[in-house]
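Inspection log for the structure reproduced underneath, given as structure tokens.
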Amino acid sequence: MYILNSKKVALEKVEIIKKGFSAYVESAELAGLIKKELKNLQLDVYEDVTELGFWFIPNREK
């Protein structure tokens, strides 16, 4: 059984977002960590909250 470090998972998802890809998480805890990091980095993303989880979609500049 693997134990996941929430902060590490959140940072990995932020790296995916920084590369221009969407990221998905199921837990509100992880979504909160991602939002905090995105705010610190001043990254503009669209957040889609569903019954199943949270999508973070990078906003593309026009």
Side-chain angles (χ1 to χ4, degrees):
M1 177 198 262
Y2 294 101
I3 298 175
L4 298 176
N5 179 326
S6 296
K7 182 70 172 177
K8 182 178 178 184
V9 171
L11 291 175
E12 288 172 356
K13 296 291 184 173
V14 169
E15 288 301 316
I16 291 170
I17 295 165
K18 285 169 57 176
K19 292 177 182 176
F21 297 100
S22 299
Y24 171 79
V25 294
E26 292 180 353
S27 78
E29 175 191 3
L30 281 175
L33 291 171
I34 291 170
K35 284 191 246 184
K36 182 178 177 182
E37 189 63 26
L38 292 173
K39 184 177 179 180
N40 288 340
L41 295 172
Q42 298 179 348
L43 293 177
D44 186 27
V45 299
Y46 171 75
E47 180 185 357
D48 186 14
V49 180
T50 69
E51 293 176 1
L52 302 175
F54 303 81
W55 279 97
F56 294 92
I57 304 163
N59 284 329
R60 302 195 191 279
E61 293 186 27
K62 295 179 182 178

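The model shown is predicted, which means the values in this text are computed figures rather than measured ones.
The hydrophobic clustering, which links ILVMFWY residues whose side-chain heavy atoms are closer than 4.5 Å, places L41 and I57 apart. No chain of hydrophobic side-chain contacts below 4.5 Å, direct or via other Ile, Leu, Val, Met, Phe, Trp or Tyr residues, connects L52 to V49. A continuous path of ILVMFWY side-chain contacts below 4.5 Å connects V9 to I17, so both sit in one hydrophobic cluster.
Between atom CG of residue L11 and atom NZ of residue K13 there is a gap of 12.5 Å, rounded to the nearest 0.5 Å. Expressed to the nearest 0.5 Å, how far CZ of F56 lies from CG of L38 amounts to 6.5 Å. Between I34 atom CD1 and K7 atom NZ the span is 10.5 Å, to the nearest 0.5 Å.
Every pair passing side-chain hydrogen bond (donor to acceptor under 3.5 Å, both in side chains) that includes a residue from residues 14-31 is listed here, sequence neighbours excluded: S6-E29, E15-K18. Judged as a salt bridge (charged side-chain N to carboxylate O under 4.0 Å, His left out), the pairs with a partner in residues 45-57 (not counting sequence neighbours) are, in order, K35-E47.
Pairing each heavy atom of N59 with each of V45, the nearest pair is ND2-C, 3.7 Å.
Between L33 and V25 there is no side-chain heavy-atom pair separated by less than 4.5 Å.
In the hydrophobic clustering (ILVMFWY side chains linked at under 4.5 Å, chained through shared members), F21 is joined by I16.
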